[in-house]
**Student:** 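My questions will all concern the structure given below.
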Amino acid sequence: MDLVTLPGERSYKVFTLPEKRDEFSGKIKKKRIVQDPKRPLRRVHDRILYLLNKIELPEYVHAAVKGRSYRSNAAAHTTAAHEVLTLDIKSFYPSVSYLLVREFFRYKMKCASDVATTLADLCTYKGALPTGSPLSPLLSYFACGDMFDELNRLAVECGLKFTCYVDDLTFSGEKIPGDLESRVKSVLRRYGHRLAVDKTIRYRPHSPKSVTGCILHNGAIHVPHSRFRKARMLAAAIATTDDPALTHKLYERLAGLLGEAAYLDGRFTSWKEDTARLLKLATQKLGAAKEAT
């Protein structure tokens, strides 16, 4: 494999995921462009990811870290969540530049200049992190580590807890200073990033708080009501169809949804297990229906 000639547009499959509205939840997923590395380059990305995963990360990092997840990111704020401020970095991957990636390999990893250049070439697409690579979530932290460290120092200075989950930033504590958002903006600006202002939310004490897809309330993690409502709608749709193929498809969606819900809240475990059993039966019925035709 020639690592020098491997980088480039030809090594990516680029496609657009269209805007999509979920018929059960009503939520709309915006259109987005995906740059997915093809197999030879994907193998390189997987190898680099494997090696970078050996580096110990700060407690505030929760994405692409073994043993941490969007749930652990939210759980970090259950004890300190008197007030919470959630923020989102605008167009994060496209803002993580080739130069930042190269500087990480050159100065943080102490690679030779030509090696750092080759690694940056391999890890970026048109001068930024690709949106479809499994390497991008972790590499985005390393490339922007100085910025995230500064945000963590800001939190400590204000007596707050800070976590990041890729481009999702969360601060919590007894009192969120009124100027914290502007100070975060200032830090991001100096590193070439911007806030998605419309996604900034400040939560007051005693109110339910949404943090990386989890609901924090009374010191515990809960499943968002929208997800519970969607599960009920899927179950209702299953009860009204006799089509084996549609029944199977709906059970697959429900099983996935409840698996995630049970991961957040153990009270969904029984429903998840019942659905898994019914999905197995639906799979058998679908197979029998296909054989009959």
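All values below were derived from every heavy atom in this structure, side-chain atoms included, with hydrogens, water molecules and symmetry-related copies excluded. Note that the coordinates shown come from a computational prediction; the quantities given were computed from them, not determined experimentally.
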**Student:** Going through the distances and angles, do Arg47 and Arg43 end up as a side-chain contact (heavy atoms from CB on, under 4.5 Å)?
**Tutor:** CA-CA 6 Å; Arg47 180 60 179 170; Arg43 289 172 59 197; over 6 Å; no
**Student:** How many angstroms lie between OG1 in Thr240 and CG in Asp243, if you round to the nearest 0.5 Å?
**Tutor:** 11.0 Å
**Student:** Compute the centroid of each ring, for Tyr141 and then for Tyr165, and state whether the two points are separated by less than 6.0 Å.
**Tutor:** no
**Student:** Which is it for Val84 and Val211 under the side-chain contact (heavy atoms from CB on, under 4.5 Å) test, yes or no, and what are the steps along the way?
**Tutor:** CA-CA 9 Å; Val84 171; Val211 177; 4.2 Å; yes
**Student:** Are any non-hydrogen side-chain atoms of His222 and Arg267 less than 4.5 angstrom apart?
**Tutor:** yes
**Student:** Is any side-chain N of the basic residue among Lys272 and Glu260 closer than 4.0 Å to the acidic one's carboxylate O?
**Tutor:** no
**Student:** Taking C-beta and beyond as the side chain, do Leu6 and Val44 meet within less than 4.5 Å on heavy atoms?
**Tutor:** yes
**Student:** Does Val115 belong to the same Ile/Leu/Val/Met/Phe/Trp/Tyr cluster as Phe142, with side-chain heavy atoms less than 4.5 Å apart forming each link?
**Tutor:** yes
**Student:** Determine whether Tyr93 and Pro137 make a side-chain contact, defined as any pair of heavy atoms from C-beta on separated by less than 4.5 Å.
**Tutor:** yes
**Student:** Please lay out, stage by stage, how Ile221 and His77 fare under the test side-chain contact (heavy atoms from CB on, under 4.5 Å).
**Tutor:** CA-CA 10 Å; Ile221 293 179; His77 299 278; over 6 Å; no
**Student:** Has the side chain of Thr283 got a donor or acceptor atom that lies under 3.5 Å from a matching backbone atom of Leu279?
**Tutor:** yes
**Student:** Between the side chain of Thr170 and the main-chain N/O of Thr163, is any donor-acceptor distance below 3.5 Å?
**Tutor:** no
**Student:** Assess, by modelled atom type and distance only, whether the side chains of Ser69 and Tyr263 contain a donor and an acceptor separated by less than 3.5 Å.
**Tutor:** yes
**Student:** Any side-chain to backbone donor/acceptor pair from Ser136 onto Pro130? Under 3.5 Å, distance only.
**Tutor:** yes
**Student:** Would one find more than 12 heavy atoms of other residues, nucleotides or ligands at under 6.0 Å from atom CZ of Arg190?
**Tutor:** yes
**Student:** Is there a path of hydrophobic side-chain contacts, each under 4.5 Å between heavy atoms of I/L/V/M/F/W/Y residues, joining Leu100 to Leu57?
**Tutor:** no
**Student:** Surrounding CG of Leu99 (heavy atoms of other residues, nucleotides or ligands, distance under 6.0 Å), is the total greater than 12?
**Tutor:** yes
**Student:** Judged by atom type as modelled, is there a donor-acceptor pair below 3.5 Å linking the side chain of Arg227 to the main-chain atoms of Gly213?
**Tutor:** yes
**Student:** Roughly how far, to the nearest 0.5 Å, is the CG atom of Leu188 from the OG atom of Ser186?
**Tutor:** 9.0 Å
**Student:** May I ask whether Leu286 and Leu278 are part of the same hydrophobic cluster, defined by side-chain heavy atoms of I, L, V, M, F, W, Y residues being less than 4.5 angstrom apart, directly or through others?
**Tutor:** no
**Student:** From Leu258 CG over to Lys230 NZ, what is the distance, rounded to the nearest 0.5 angstrom?
**Tutor:** 11.0 Å
**Student:** Between Arg42 and Asp46, is there a side-chain N and carboxylate O pair less than 4.0 Å apart?
**Tutor:** yes
**Student:** Quick one: sort the His225 and Phe228 rings into parallel, tilted or perpendicular, breaks at 30° and 60°.
**Tutor:** tilted
**Student:** For the backbone of Leu17 and the side chain of Arg32, can you confirm whether one donor and one acceptor N or O come within less than 3.5 Å of each other?
**Tutor:** no
**Student:** Taking the side chain as every heavy atom from C-beta outward, state whether Val187 and Met147 have any atom pair closer than 4.5 Å.
**Tutor:** yes
**Student:** Indicate yes or no: at least one non-hydrogen side-chain atom of Thr200 is less than 4.5 angstrom from one of Asp88.
**Tutor:** no
**Student:** What distance do Lys38 atom NZ and Lys13 atom NZ have between them, rounded to the nearest 0.5 Å?
**Tutor:** 9.0 Å
**Student:** Can you tell me how the ring of Tyr60 sits relative to the ring of Phe148, calling it parallel under 30°, perpendicular over 60° and tilted otherwise?
**Tutor:** tilted
**Student:** Please determine, by modelled atom types, if Tyr98 and Asp121 share a side-chain donor-acceptor pair under 3.5 angstrom.
**Tutor:** yes
**Student:** Report the C-alpha distance between Cys123 and Ile48 in whole Å, list the side-chain angles of each, state the deciding distance to 0.1 Å, and finish with yes or no for side-chain contact (heavy atoms from CB on, under 4.5 Å).
**Tutor:** CA-CA 9 Å; Cys123 296; Ile48 295 172; 3.7 Å; yes
**Student:** Is any side-chain heavy atom of Thr86 closer than 4.5 Å to a side-chain heavy atom of Ser210?
**Tutor:** no
**Student:** Are any side-chain N or O atoms of Asn53 and backbone N or O atoms of Leu49, one a donor and one an acceptor, separated by less than 3.5 Å?
**Tutor:** yes
**Student:** Hey, are Thr212 and Asn73 close enough side-chain-wise for a donor-acceptor pair under 3.5 Å?
**Tutor:** yes
**Student:** Please report the interatomic distance CG(Leu135) to CG(Leu41), rounded to the nearest 0.5 Å.
**Tutor:** 9.5 Å
**Student:** Do Leu151 and Leu169 have side chains that approach each other closer than 4.5 Å (heavy atoms only, starting at C-beta)?
**Tutor:** yes
**Student:** With no hydrogens and no angle check, is any side-chain donor or acceptor of Lys209 less than 3.5 Å from a backbone partner on Ser207?
**Tutor:** yes
**Student:** So, does Lys280 use its side chain to make a donor-acceptor pair with the main chain of Arg277 at under 3.5 Å?
**Tutor:** no
**Student:** Is a donor on one side and an acceptor on the other found under 3.5 Å between the side chain of Thr131 and the backbone of Ile33?
**Tutor:** yes
**Student:** Using the rule that two of Ile, Leu, Val, Met, Phe, Trp, Tyr join whenever any of their side-chain heavy atoms come within less than 4.5 Å, decide whether Tyr251 and Leu281 are in one cluster.
**Tutor:** yes
**Student:** Is Lys108 paired with Asp146 through a side-chain N to carboxylate O contact shorter than 4.0 Å?
**Tutor:** yes
**Student:** Is the CD atom of Gln284 crowded by more than 12 outside heavy atoms at less than 6.0 Å?
**Tutor:** yes
**Student:** Less than 4.0 angstrom from a charged side-chain N to a carboxylate O is my criterion; do Lys29 and Glu19 meet it?
**Tutor:** no
**Student:** Indicate yes or no: at least one non-hydrogen side-chain atom of Val61 is less than 4.5 angstrom from one of Leu138.
**Tutor:** no
**Student:** Ignoring hydrogens, what is the shortest heavy-atom contact between Val96 and Ala143? Give both atom names and the distance.
**Tutor:** CG1-CB, 3.7 Å
**Student:** Answer with yes or no after comparing the ring centroid distance for Phe92 and His193 against a 6.0 Å cut-off, counting only values under it.
**Tutor:** yes
**Student:** Could you walk me through whether Lys161 and Glu174 satisfy the salt bridge (Lys or Arg N to Asp or Glu O under 4.0 Å) test, starting with their C-alpha distance in whole Å, then the side-chain angles of each, then the deciding distance to 0.1 Å, before giving a yes or no?
**Tutor:** CA-CA 10 Å; Lys161 178 82 172 184; Glu174 187 171 345; over 6 Å; no
**Student:** On a heavy-atom basis, which atom in Leu264 and which in Pro224 lie closest, and how many Å separate them?
**Tutor:** CD1-CD, 4.3 Å
**Student:** Any cation-pi pair here, Arg232 with Trp271, using under 6.0 Å and within 45°?
**Tutor:** yes
**Student:** Between the side chains of His248 and Arg253, does any donor sit under 3.5 Å from an acceptor?
**Tutor:** no
**Student:** Give the minimum heavy-atom separation between Ser72 and His62, together with the two atoms involved.
**Tutor:** OG-ND1, 2.7 Å
**Student:** Looking only at heavy atoms, which two atoms of Cys164 and Phe162 are closest? And how far apart?
**Tutor:** CB-CZ, 3.9 Å
**Student:** Verify whether one side chain among Arg102 and Thr117 offers a donor that lies under 3.5 Å from an acceptor in the other.
**Tutor:** yes
**Student:** Could you report the tightest heavy-atom contact between Pro58 and Arg68, atom names first, then the distance?
**Tutor:** O-NH1, 2.7 Å
**Student:** Looking only at atom types and distance, does a side-chain atom of Ser95 sit under 3.5 Å from a main-chain N or O of Ser91, one as donor and one as acceptor?
**Tutor:** yes
**Student:** On a heavy-atom basis, which atom in Ala120 and which in Val101 lie closest, and how many Å separate them?
**Tutor:** CA-CG1, 4.0 Å
**Student:** Please determine whether residues Ile55 and Val65 belong to a single hydrophobic cluster, defined as Ile, Leu, Val, Met, Phe, Trp and Tyr linked transitively by side-chain heavy-atom distances below 4.5 Å.
**Tutor:** yes
**Student:** Rounded to the nearest 0.5 Å, what separates atom CG in Leu52 from atom NE2 in His45?
**Tutor:** 11.0 Å
